[in-house]
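Down below is the structure, laid out as structure tokens.
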Amino acid sequence: MSVIGESTEPRRAVRLRPERVVLPPECACCGALASRAVLEARFASKLRALVPYCADCHEHVARANTRALTFTISSVLLALTFTAGLPLLWQPPSAVVYAAVVVVAASVPLVVARRRRLIAANGHTAAGRAAFWATDGVLVCTNAGWASRLAVASDAELVETALRQPGTPAWTAVIPFVSGVCALLLFGAHFPVVRVIDVTATRLAIAVDGRTYTDVEPTSAESPTAGVTVRLPAGRHVLTATDPTGRVVDTAEVTLEGGLQHLYAPGSSGVCFWVETTRYGRGGNDAPAPELLSRMNTFWTLSREIDVWFAPSPRPGNDDRSSGGFSYAVRQAPCEDAPEPM
């Protein structure tokens, strides 16, 4: 069958009212006797139209709808795959970069669908749907004659338009946006925080699964700026600390739990760490006893969200009007000066 580009006649758009929609009985594409109908419904609106088609035209409408569904599903699958699977292969430098990659991946099928141009068979005015709703609530028709009869029968305004049939429904534009937001929210679960502190006398190189990841300068006293904060992929890893001479100071097989904070202090024999709780507001100044971290380990998973590192939390005031809350601080000291375990 010979093919041509979509009809060169000007496209018409009919501004219909929900209470009066009277459609011509002939096929909206080729004008032949109609034997089928396809519901065109505008999202979040009362506008509905059962657009008539002949058997041949109904077939290419069905194919167009299937293509739109395929591109939509492809976008969703790519969004899910990149959101959940990408962190297994690659660690983005930041949450923003991670979200951007996910958004681009989810957008590819939608962009391809939008830019794809189909050709209509000879005698037809559309390769897909011959009537569809535009975002401003008008019904765009590829068959100018059918549109004119629709406007007269429905007592509606007829306008010319350059709009083409969209490759996917308008609502699919939210898929990349939602996937990007999900990526931002899941970044912490995929790449939990690890605070690394060096309490030895020399700089340490920290390797993760045999690959050098960062260097940590030594600190001789408790300081909020001590150590470095890194994000590592969740799961099981081997952490290794090496001094400038190449001597392995510490090796730890660890499990990083998504959404939690962790502390790694290689070569910390003789130094103890604990979580100190400060209470604020009407609850009074009483707070739970310090939670001493195990002296046998150099790596800890912290069950609480730490607010202050290696410094005391701000002292509570006498504000009885506030319901208050708790502040959690990780503290360190030589073991002889650390709180006694409870």
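Hydrogens, waters and symmetry mates are skipped; everything else that's a heavy atom, side chains included, is used.
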- Item | Value rounded to 0.5 Å, distance of CE in M296 from OG in S269 | 10.0 Å
- Message: So R195 and Y264, do their side chains get closer than 4.5 Å, heavy atoms only?
- Response: no
- Item | V102 reachable from L78 in the ILVMFWY side-chain graph, under 4.5 Å edges | yes
- Applying salt bridge (Lys or Arg N to Asp or Glu O under 4.0 Å) to R149 and not counting sequence neighbours gives E26
- Message: Please identify which of these residues, T125, V51, L150, T161, meets the side chain to side chain contact (heavy atoms under 4.5 Å, CB included) condition with C141.
- Response: L150
- Query: So among D198, I197, T200, which one has a side chain to side chain contact (heavy atoms under 4.5 Å, CB included) with T219?
  - Reply: I197
- Query: Is the side chain of Q91 donor-acceptor paired with the backbone N or O of R231 at a distance under 3.5 Å, no angle test?
  - Reply: yes
- Dump the intermediate steps for side chain to side chain donor-acceptor pair (under 3.5 Å) on R236 and T255, then the final yes or no. CA-CA 4 Å; R236 295 189 61 82; T255 300; 3.0 Å; yes
- Could R304 and E291 be called an ion pair, given the rule that one side-chain N must be under 4.0 Å from one carboxylate O? yes
- Query: Would a distance-only check, ignoring hydrogens and angles, find a side-chain to backbone donor-acceptor pair under 3.5 Å from W300 to S294?
  - Reply: yes
- Item | Whether over 12 other heavy atoms sit under 6.0 Å from L88 CG | yes
- Expected output: side-chain Q261 to main-chain V193 donor-acceptor under 3.5 Å: no
- Message: Tell me whether Y53 contacts the main-chain N or O of R129 through its side chain, where contact means a donor paired with an acceptor under 3.5 Å.
- Response: no
- Query: Side chain of R12, backbone of L139: donor and acceptor closer than 3.5 Å?
  - Reply: no
- Task: Measure the shortest side-chain to side-chain distance between F310 and S223 over non-hydrogen atoms and say whether it is less than 4.5 angstrom.
- Result: no
- Message: Among S74, S75, P166, exactly one meets side chain to side chain contact (heavy atoms under 4.5 Å, CB included) together with L110. Which residue is that?
- Response: S75
- Message: Is the shortest side-chain heavy-atom distance between P52 and R36 below 4.5 Å?
- Response: no
- Message: As a test of understanding, state which of L204, I206, V194 forms a side chain to side chain contact (heavy atoms under 4.5 Å, CB included) with T214.
- Response: I206
- Mind checking the CZ-CH2 spacing from R331 to W309? Nearest 0.5 Å is all I need. 13.5 Å
- Item | Shortest non-hydrogen separation from L184 to A95 and the atoms involved | CD2-O, 3.5 Å
- Query: If you round to the nearest 0.5 Å, how far is OG of S313 from OH of Y328?
  - Reply: 10.0 Å
- Query: If you round to the nearest 0.5 Å, how far is OH of Y213 from NE2 of H237?
  - Reply: 9.0 Å
- Query: Is a salt bridge present between E40 and R48, judged by a nitrogen-to-oxygen distance below 4.0 Å?
  - Reply: no
- Task: Report the C-alpha distance between D250 and T298 in whole Å, list the side-chain angles of each, state the deciding distance to 0.1 Å, and finish with yes or no for side chain to side chain donor-acceptor pair (under 3.5 Å).
- Result: CA-CA 8 Å; D250 184 85; T298 57; 3.2 Å; yes
- Message: Check the SG atoms of C272 against those of C335: under 2.5 Å or not?
- Response: yes
- Message: Please enumerate all residues that pass side chain to side chain contact (heavy atoms under 4.5 Å, CB included) together with V152, with sequence neighbours excluded.
- Response: none
- Message: Would you compute the distance between atom CG of L263 and atom CG of L302 and round it to the nearest 0.5 angstrom?
- Response: 6.0 Å
- Message: Is the ring pair F299/H262 parallel, tilted or perpendicular, if the boundaries are 30 and 60 degrees?
- Response: parallel
- Only counting residues at least two apart or in another chain, list the ones meeting side chain to side chain contact (heavy atoms under 4.5 Å, CB included) with R115. V111
- With under 30° as parallel and over 60° as perpendicular, where do the rings of F187 and F191 fit, or are they tilted in between? tilted
- Task: First locate atom CD1 of I73, then atom OG1 of T172, and finally report the distance between them rounded to the nearest 0.5 Å.
- Result: 12.0 Å
